[in-house]
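Here is how names work: the chains are called A, B, and so on, in the same order as the sequence lines, proteins then strands, and each is numbered from 1.
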Protein chains: 2
Amino acid sequence: MADTGTTTPRERYRAQVRTEIKDHAWGQIASAGASALSLNAIAKQMGMSGPALYRYYASRDELITELIRDGYRSLADTFQAAAAPGADLTALAHALRRWALDHPQRYFLLYGTPVPGYHAPDDTTAISSEIMATLLDACVALADSPSERSEVSPATSFAAHLADHRQWAGDHPAPPAALHRALAFWTRMHGVLSLELAGHFTGMSFDPEQLFAAELDGLLAGGAGLPAGP
Amino acid sequence: MADTGTTTPRERYRAQVRTEIKDHAWGQIASAGASALSLNAIAKQMGMSGPALYRYYASRDELITELIRDGYRSLADTFQAAAAPGADLTALAHALRRWALDHPQRYFLLYGTPVPGYHAPDDTTAISSEIMATLLDACVALADSPSERSEVSPATSFAAHLADHRQWAGDHPAPPAALHRALAFWTRMHGVLSLELAGHFTGMSFDPEQLFAAELDGLLAGGAGLPAGP
DNA sequence: TCACGGGCGTTAGAACTTATAACGAACGGC
DNA sequence: GCCGTTCGTTATAAGTTCTAACGCCCGTGA
């Protein structure tokens with residue numbers, strides 16, 4: 001898009017095959033998890049023989065890396081789409097939940113057990129920053145809303161810590177309280193979603209969505225959401 | 001322990017080899033993750049040839065299952081040890097954090113990305129209940145503490161839901177508010193620990209322990225812990 | 001004390017996997 | 001239309017899990 005619009009037929013064909021490979025890869029990941037992803041199986045599904053795929057991806061890890069990149073891209077897009085009207089934290093949470101429930105294995109590919117040796121390339125961390133920026137926008141908007149204006153930020157001790165360690169927010173003009181809320185949003189939503197998707201709630205009879213909603217409520221109210229607050 | 005105390009030398013030898021296999025397995029998991037666990041490599045480390053291990057574990061999955069069982073057992077034990085004095089939620093949180101940071105891959109083996117086809121055996125879910133019972137004790141104790149007595153449980157809507165869906169708590173006499181707090185404890189601590197252990201905070205400059213402490217504070221205060229509460 | 005049986009470790013082999021090397025064919029730019 | 005780059009092939013190497021068949025040796029029972 002940024003470079004020359006002239007794409008040779010070869011490049012177009014190559015790009016098409018690469019996306020077809022990724023499509024089959026996502027299919028395998030959805031059904032058996034990322035660890036069971038097999039280049040050989042993908043090749044057979046596409047009617048080619050194994051080593052042919054190495055013309056398109058140098059290794060299994062390179063393919064997975066691109067899948068991770070696409071996953072982050074997809075999450076960043078749905079986040080921005082959900083934040084379109086006015087950057088609502090509730091809309092973000094619901095979009096995140098739907099995105100995660102839609103493709104659990106994709107969620108785990110991004111936020112699940114890390115491969116010990118693997119190091120994320122720079123562009124994926126760039127997309128992460130994009131996601132975080134959208135989240136920070138929503139947190140700032142929430143803090144500016146009428147129901148929140150009544151109180152001066154009590155500046156929790158962690159918010160004070162963040163005031164001195166905010167480089168991860170880039171040059172985003174969010175106050176420390178918003179930074180704290182964004183991190184709490186991330187970790188709490190992930191806490192519920194991760195355990196739910198992993199099936200740790202299956203034996204238990206309650207509705208995970210209601211737990212998710214309760215955590216979101218606590219986040220929006222800025223502290224409420226748990227019983228018996230003194 | 002429950003059956004005859006007379007163990008034949010063969011049984012003793014067998015048990016010893018099984019634990020030696022598991023020791024090597026933990027070593028591999030700690031260094032390269034559970035997905036890279038190789039029975040062949042373990043056999044070589046022990047000076048045996050590959051198929052010999054199949055006399056002790058029918059399959060790689062059976063070995064991993066036993067590792068998971070041992071992992072749950074270890075967590076349940078440290079939880080009970082931490083709760084020994086008076087079932088303090090703070091002590092539980094710190095014990096959990098130390099336990100997780102000590103062996104990150106062990107934590108992920110229990111709470112990380114699940115294997116799609118895998119179904120946990122009954123005894124591991126039994127140990128999970130044991131862990132949950134210890135957590136519920138601490139939550140009840142917190143609710144009975146002086147600082148919490150001032151208020152009648154506001155009964156969040158999720159707590160109301162739990163009042164009707166509490167079978168997972170077994171016959172534990174915890175009120176719905178305590179059930180809610182226990183689940184929030186679980187998901188929030190897991191949210192921070194999981195992302196921290198996976199390295200999602202590494203690029204960011206803040207101290208994950210302070211975020212963990214902030215989430216714990218919010219849990220103890222029953223709602224505070226986030227800035228700008230209305 | 002001796003013999004027998006069962007548990008244990010071995011090697012061989014099947015069916016997989018990722019990945020490399022070498023070869024032939026086909027497609028596209030000049 | 002030629003010629004070169006790229007693509008897909010087969011062959012091969014080095015792994016993996018797991019089964020099968022064989023032999024040894026330890027420990028139990030007589």
>> Does a side-chain N or O of A:R60 approach OP1 or OP2 of C:dT17 to a distance below 4.0 Å, or not?
In response: no
>> Could you check whether any side-chain N or O of A:R106 sits under 3.5 Å from a backbone N or O of A:I29, counting only pairs where one atom can act as donor and the other as acceptor?
In response: no
>> Between P on C:dG9 and NZ on B:K44, what's the gap in Å once rounded to a whole number?
In response: 18 Å
>> Mind checking if B:Y57 touches a base, just sugar-phosphate, or nothing, with heavy atoms under 4.0 Å?
In response: nothing
> Rounding to a whole Å, what distance do you find between A:M48:CE and D:dT6:C1'?
Replying inline: 13 Å
>> Using the side-chain heavy atoms of A:P51, tell me which of these nucleotides is nearest: D:dT16, C:dT18, C:dA21.
In response: C:dA21
> A:L39 has a side chain; which of C:dG9, C:dT18, D:dT9 sits nearest to it?
Replying inline: C:dT18
>> Please compare A:R55 and A:L37 by the position of their nearest nucleotide in DNA chain C and report the one closer to 5'.
In response: A:L37
>> Within the 4.0 Å heavy-atom criterion, would you say B:S49 contacts the bases, only the backbone, or no part of the nucleic acid?
In response: base
> Nearest to the side chain of B:Y13 - D:dT16, C:dG9, D:dG8?
Replying inline: C:dG9
>> Rounding to an integer number of Å, can you tell me how far B:N40 CG sits from D:dA14 P?
In response: 15 Å
>> I'd like to know if B:R10 reaches the base of D:dC26 with its side chain such that a donor and an acceptor end up less than 3.5 angstrom apart.
In response: yes
> Going by the angle between their ring planes, with limits at 30° and 60°, are B:Y111 and B:Y72 parallel, tilted or perpendicular?
Replying inline: perpendicular
> Checking A:H165 side chain against A:H161 main chain: does a donor-acceptor pair fall under 3.5 Å?
Replying inline: yes
>> Both B:Y54 and B:T8 contact DNA chain D. Which one's nearest nucleotide lies toward the 5' end?
In response: B:Y54
